Amino acid sequence: MSKKYKLKRLLVRRYQILAAILFILAAGLVLLPKYKKNEGIAPDLFVKNIISSERYISTDLLADRLVNQDPTVLLIDTRSEKEFNDYALPNAVNIPLKDLLNENFDGYINQDVYDVILYSNENFYADQAWIISNRLGYQNLYVLKGGLNEWFNTIINPKMPEETEPKEAFDLYSFRKAAGMYFGVGIVKSEVKKEIKKKKPTRKVITVKKKKKRVPEGGC
Amino acid sequence: MKELEKTKRISISAVLFLLIVTIAILTFEKPKYVFEKNTEAILNEVNNNNYILTLNQLDSIEQSQYQVVDIRSNFEYSKGHINDAINISTHDILVSENMDLFDDLKENSKTAVLYGKNPNEANSAWMLLYQLGYENAKILCVETNYIDNKFQVSNHALEKPAVNFAQVIKLAKSKSAKAKAKPVSKPTKSKKVITVKKKKKRVPEGGC
Amino acid sequence: MVKKKQQNRHVYWNPYFGGFLLGLLIILTFYLTGRGLGASGALKSGVVTVVHTIAPTHAENNVYYSKFIKEGESPMNNWLVFEAIGVLLGAFLSGAFTGRLKLKVQHSPKITSRRRLVFALIGGILFGLGAQIARGCTSGAALSGMAVLSTGGFITMLAIFGTGYAVAYFFRKNWI
Amino acid sequence: MGPLIPNGIIPEDWNYIIAILIGFAFGYILEASGFSSSRKLAGQFYGYDFAVLKVFFTSAVVAVIGLYYMDYLNFLDISMLFVQPTYLWAAIIGGMIMGVGFLAGGFCPGTSLCAVAIGKIDGIVFTIGLVIGIFIFSESFSALEPLFESSNLGNITLVDTLGVSPYWIIFIFTIIALIAFVFSDWVRSKVKKVFY
């Protein structure tokens, strides 16, 4: 009897109770402790990403992919424009580090079609560019290990292995030499008879769709 | 006809709503560390090169004004390290004791001087710290290596091209031209045209 | 059964319950698509399509139509059009369940159905005009706008209901 | 992390299917709440039925509270959501015209679609009126353009306008809504009942 009575009394006040719930929820929003939101990924994930060396691609691997005309490679030069104009890897696109977040370049670094390979003279600037992009959660980005210096030391001007070294070293050496020639800059020794292909660093013509701003679509 | 109001459904659903919100809040874990700086800020900082210290610059700072931090692994550290350096590998920066240490340094406005095998290694740790809001962290621009099993620190020229690339290429070309009697036929490559489409990240449009 | 349906006809949901579900739906819509609900946008797409088919050059010359005409894409290919189709289906089903499906003119007993229809037409024209000027109707601008605390949404809502109360007196005969 | 489609979690192709499903639920809720009846809609202006006001405010409050909780709990990025751009005078004048239209016609576009679906002839006529209104607007766009484009304040929210934390705005908004509910019930008890 008393139980039924209690329920009845509760039901009489049902709207008050519902209003109270709404009120509590709204007040909860005000009272909940505020915290600052992250832009991009969370720090713990970020640490995991930056200590991993998965992002590095070796010069030999890159050379191999370029020689085979791998269509999924997109090279990005993070050096200054001047340096880029002096010399750049074939088909590279110049995005100076300071313009990395320029929205015109967003289409290059925030995409899922190409393997984007960042390089600079060393891999310091390229690495910084990679880290910033990683923070924003961009995928498919790599860094050329050692940068252009390493590229020159291994591909353009490879060191002759010692005679005592295993056969693999010689294979690698011959590959590097061939690749170096492919890129048109083999340090030509007299015995070279092969025709040297010259590859101008043609710039990729890439049309990037302009970022769509919130266009006020005329309402109704 | 008068509209009949049923309140059972609304009561039940309101209670469910409240329950869901409560459960969601109870299970919600506040992220422990939050980036203070956004990517614009870090990019700015990266570009004005204030964060790099050379050995000479370090010498000119009072000893009590900085703390050298070795961000290499414990193993490397035990083999040899800079005097007075403490070891916090990049991996362990987010451990709370280490964070406390950086907090201490920040409060006492001491500079945390990071170094690793090369500046590049220290860079990761520096960028992490800077984004977490520790503006007092700097990179010591050095290379460390072992010569005859002795720990050596040497200055590192950052991002300096090893050779003048353009010149080398030019030289190589003129050499090859000389080596060849015949003029080199240059197969003109068709220009590779690549269209990069923006990743589908549509900004929601409106309408009514 | 018939009797039950007869009784049901005027039994609507508790408004708080309807509002609660509608609120959840708005949350879901924003969560899935990042945009709010809407209604009159679909009609606009319809108008643009019709005008574009009948007089293509006229439509392309008009500044307003040309905003919505894209090469190789029908203006009907629009989120809101699909949503409007859903609205029609949903409302039909709800009406069918409760026995409200009936071809009739609903009006106050004091006025003729002819007068009701004339006023409906005038109201529709005004509403269509106003919705275009304000870039949204009650559901698009006011309801969805309020959910994201849009200033425009609140202003539109206040303007609609404020004017509504202000002119209510002149239309009282139509309704009471 | 939402919103799901703009973030690419749900493929774009699903967009229209989701649109139909959401529309379905929208239509069902509107109809079931009685929004297909013009006399019920008009009732709030005469104090005999406040269903519209109740549904409207409840849904807005529930939606805004829910969205901000989701934002707080990291399910949703509220800055990614579409905010209707505010054109001050266009909103005011457009709203006023809509207010008159509402009273004359007894519907708004969403509810008129519901009325069409269940066979209300006045709803059909209203919808035809809507189409004519849109047509008139488009044809006289060059004359109305200054009004349409003037005083653009951008995609702003009340947070930008008032400079207050959104949570306080929501809290105050909730209280206003609750007061409105109580007030509407009080008014209704005073007003002569109208049966429809």
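None of the values given here were measured: they were computed from a predicted structure.
Judged purely by atom type and a 3.5 angstrom limit, D:Y46 uses its side chain to pair as donor or acceptor with the backbone of C:A168. C:N62 contributes a side-chain N or O that, together with a main-chain N or O of D:S138, makes up a donor-acceptor pair within less than 3.5 Å. Checking side-chain atoms of C:R135 against main-chain N and O of D:F148 turns up a donor-acceptor pair under 3.5 Å. In this structure, the side chain of D:Y87 does not engage the main chain of C:I133 through any donor-acceptor pair within 3.5 Å.
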Item checked: Stepwise side-chain contact (heavy atoms from CB on, under 4.5 Å) test for D:C114 and C:F92 -> CA-CA 7 Å; D:C114 292; C:F92 180 80; over 6 Å; no
Next item on the list: Go through C:W79 and D:N15 one step at a time and tell me if the side-chain contact (heavy atoms from CB on, under 4.5 Å) criterion holds.
Entry: CA-CA 7 Å; C:W79 197 89; D:N15 208 352; 2.7 Å; yes
Checklist line | C:W13 and D:I29: CA distance, side-chain angles, deciding distance, side-chain contact (heavy atoms from CB on, under 4.5 Å) verdict | finding: CA-CA 9 Å; C:W13 281 354; D:I29 293 169; 4.2 Å; yes
Check: D:M70 and C:I27: side-chain contact (heavy atoms from CB on, under 4.5 Å), yes or no, with the steps?
Finding: CA-CA 9 Å; D:M70 283 177 94; C:I27 295 176; 3.4 Å; yes
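Side chains of C:Y65 and D:E139: a donor-acceptor N/O pair is present below 3.5 angstrom, by distance only. For D:S38 and C:R116, the side-chain atoms include at least one donor-acceptor pair closer than 3.5 Å.
In this structure, the separation between CG on D:L67 and CG on C:L149 is 9.0 Å, given to the nearest 0.5 Å. With rounding to the nearest 0.5 Å, the separation of CG in C:N14 from OG1 in D:T58 is 8.5 Å. Between atom CG of residue D:L130 and atom CG of residue C:L43 there is a gap of 5.5 Å, rounded to the nearest 0.5 Å. Taking CG of C:L143 as the reference point, atom CZ of D:F26 lies at 6.5 Å (rounded to 0.5 Å). Taking CD1 of D:I118 as the reference point, atom OG1 of C:T98 lies at 7.5 Å (rounded to 0.5 Å).
Under the side chain to side chain donor-acceptor pair (under 3.5 Å) rule, C:T151 has a single partner from D:T86, D:D160, D:T161, which is D:T161.
Nearest heavy-atom pair, D:F82 versus C:F30, reported as atom, atom and distance to 0.1 Å: O-CE2, 4.0 Å. In terms of heavy atoms, D:I97 sits closest to C:L126 at CG2-O, 3.2 Å. Counting all heavy atoms, side chain and backbone alike, D:C108 lies closest to C:F127 at CB-CZ, 3.4 Å. Heavy atoms only, all atoms of each residue included: C:A134 and D:G95 are closest at CB-N, 4.2 Å. The minimum heavy-atom distance linking D:K54 with C:Y16 is given by the pair CE-OH, 3.4 Å. D:V131 and C:V47 get closest at one heavy-atom pair: CG1-CG2, 3.6 Å.
Under the 30°/60° scheme for interplanar angles, the aromatic rings of D:F173 and C:F154 are found to stand perpendicular.
Contacts of D:Y68 with chain C are made by side-chain atoms alone, with heavy-atom separations under 4.5 Å and no backbone atom involved.
The most heavy-atom pairs under 4.5 Å with chain D, out of C:I26, C:V51, C:L117, come from C:L117.
Evaluation of the side-chain hydrogen bond (donor to acceptor under 3.5 Å, both in side chains) rule for D:Y28 yields no partner, not counting sequence neighbours.
Residue D:F183 qualifies as open at atom CZ: its count of foreign heavy atoms under 6.0 Å is 12 or below.
Taking the centre of each ring, C:F161 and D:F56 come in below the 6.0 Å mark.
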